[in-house]
Every structure is written in structure tokens, then in C-alpha cells.
Amino acid sequence: TRYNAVDADYKILPTEGKTFPFDSTLLKTVKTLDYIQAIEPILEENALVKYGENYHPAHLKGVPLDYRSFNGLDTMLTKGSYLLQLKERPAAIVGQEIANMLSVNIDYITPLKIYVPRRIKHISMDPQKAFKSALAYPSATFSIEQDLDNYVILPFHFVEQLLGYH
């Protein structure tokens, strides 16, 4: 379905917190299930995204570089090319809602600046200390439905580092 382009049929979620160890035992167990075609680690987080002088909240989704082989997102692109890496730079596939709100251009020059809260016990009132940020370059925009067009699809390793899970 169209929703599978962003969301899987089945998810394995932690009982507490946001993440859990993705170990080989779990991987082997899940792969033995007849109805599972593929299993891949995904990281999701809410973030604030800046492009030029515009800001907008977004839902980040960190995916493996071969993610396009698991979904039909590449068939829902409205502009650009399905790329998650531009040489050494991380690329972003931006939902149409976010692209419209930020006036995103696919020029491979102007980056998105992505802000996430730091994973610390005591949050600082200083925004420089309270948030981590990183740059990714828009490579494409996609449109599925309004409630799914608020995603920014990014390389898994980029989101993993940004969130401090590496």
C-alpha cells in the first residue's frame, strides 16, 4: 500500500524507552517467520528542521541505504532523485508538507539543518547546549498523503550519530 512507503506492515518496538539492541539472535528469529520478507533497523525521532531562514517540525526516519528495495517510496517522488548519500554528504528525501513549508529546492547546495534534543538528564536553557544539529542535503521530495508528508527520510548512520546512539 501507499503507507508502506514510509511505514512497515510489522514493527518490533521496545517495551520501554525509544530503542533496543538490534542483535543477531533477534534477527535470526524474525527471519524464520514465513510472512517476513525483510527486516531492517529504523530510527525515528521528532526534530526541528531549518532550510534557509524557515523552520518547521518534522518526523525524521533513519533508514538503511538500500531502503528503496523494501518500499515504493521512489515511485512517489515529486522532484529530484532517490538518493540518501551525495558523495560524502548525507542526503534527505523530504515530504511534500515539509518541502512546502520550508520552500525547499533540490539544488544540492543549500542544506537542511536538523535539530534534535540532546540526550542529557538536565536540559539546558541555552539552545546551543540543549540541541544537537547536523546538515543534510535535499535530494528529492515525495508525496503520499498529508499526514505522511511530514517525514524527512535520512541515512540510518546519520540519524544514529545525530541522536547519539552510535
Side-chain angles (χ1 to χ4, degrees), residues 1-49 57-78 80-99 111-123 131-166:
T1 67
R2 295 170 57 103
Y3 290 103
N4 290 357
V6 177
D7 222 0
D9 287 333
Y10 300 101
K11 292 182 181 182
I12 302 171
L13 302 170
T15 54
E16 289 183 14
K18 292 185 174 189
T19 64
F20 63 91
F22 188 76
D23 64 25
S24 60
T25 305
L26 173 64
L27 182 63
K28 287 177 187 175
T29 302
V30 173
K31 281 185 171 184
T32 64
L33 302 172
D34 291 338
Y35 53 89
I36 301 296
Q37 294 177 353
I39 180 170
E40 293 291 336
I42 304 289
L43 282 173
E44 294 191 32
E45 185 61 79
N46 293 317
L48 182 65
V49 179
H59 192 78
L60 304 183
K61 187 173 194 101
V63 301
L65 294 178
D66 62 348
Y67 187 65
R68 78 185 306 168
S69 63
F70 304 112
N71 62 42
L73 186 61
D74 57 340
T75 66
M76 297 175 200
L77 299 183
T78 55
S81 300
Y82 190 105
L83 298 170
L84 290 171
Q85 199 77 34
L86 297 167
K87 297 184 182 178
E88 300 299 315
R89 303 184 302 183
I93 301 171
V94 183
Q96 198 64 55
E97 177 187 333
I98 304 296
L112 293 171
K113 189 165 189 177
I114 301 166
Y115 296 90
V116 296
R118 288 189 187 273
R119 297 176 55 222
I120 53 177
K121 289 184 180 185
H122 303 288
I123 297 173
F131 293 91
K132 277 183 83 172
S133 66
L135 303 177
Y137 293 80
S139 63
T141 58
F142 70 89
S143 183
I144 300 172
E145 287 192 14
Q146 188 173 1
D147 59 331
L148 296 174
D149 289 352
N150 65 341
Y151 277 86
V152 176
I153 311 296
L154 296 152
F156 181 87
H157 65 276
F158 173 83
V159 176
E160 182 180 43
Q161 287 179 345
L162 181 61
L163 297 176
Y165 290 139
H166 52 74

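Residue numbers start at 1 and run along the sequence shown.
To the nearest 0.5 Å, atoms NE2 (H59) and CD (E45) are separated by 8.0 Å.
A distance-only check finds no donor-acceptor pair linking the side chain of D149 to the backbone of I98 [under 3.5 Å].
Residue P90 comes nearest to P155 through the heavy atom pair CB-CG, 4.2 Å, listed as atom of the first residue, atom of the second, then distance. The shortest heavy-atom contact between V159 and G62 is CG2-CA, 3.6 Å. Contact record, K28 with T32: O-CG2, 3.1 Å, taken as the closest heavy-atom pair. Of all non-hydrogen atoms in A99 and V94, the two that sit nearest each other are N-CG1, 3.7 Å. Residues F156 and P41 share a closest heavy-atom pair of CD1-O, 3.6 Å. When all heavy atoms of S81 and A140 are compared, the pair lying nearest together is O-CB, 3.4 Å.
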- Start with the C-alpha distance between I93 and L77, add both sets of side-chain angles, then the distance that settles side-chain contact (heavy atoms from CB on, under 4.5 Å), and finish with yes or no. CA-CA 9 Å; I93 301 171; L77 299 183; 4.0 Å; yes
- Run the side-chain contact (heavy atoms from CB on, under 4.5 Å) check on M76 and Q96 step by step: do they pass? CA-CA 10 Å; M76 297 175 200; Q96 198 64 55; over 6 Å; no
- Go through the steps for F142 and I153 under the test side-chain contact (heavy atoms from CB on, under 4.5 Å), then give the verdict. CA-CA 10 Å; F142 70 89; I153 311 296; 4.0 Å; yes
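Legend: residues meeting side chain to side chain contact (heavy atoms under 4.5 Å, CB included) with K132, ordered by chain and number and at least two apart, are V116, R118, L162. In this view, D74 and R68, Y82 satisfy the side chain to side chain contact (heavy atoms under 4.5 Å, CB included) rule, not counting sequence neighbours. With sequence neighbours excluded, the residues satisfying side chain to side chain contact (heavy atoms under 4.5 Å, CB included) with P111 are L135, Y137.
Among L154, L65, D66, the one residue that satisfies the side chain to side chain contact (heavy atoms under 4.5 Å, CB included) test with L84 is L65. Between L60 and the options L163, L43, N46, I114, a side chain to side chain contact (heavy atoms under 4.5 Å, CB included) holds for only I114.
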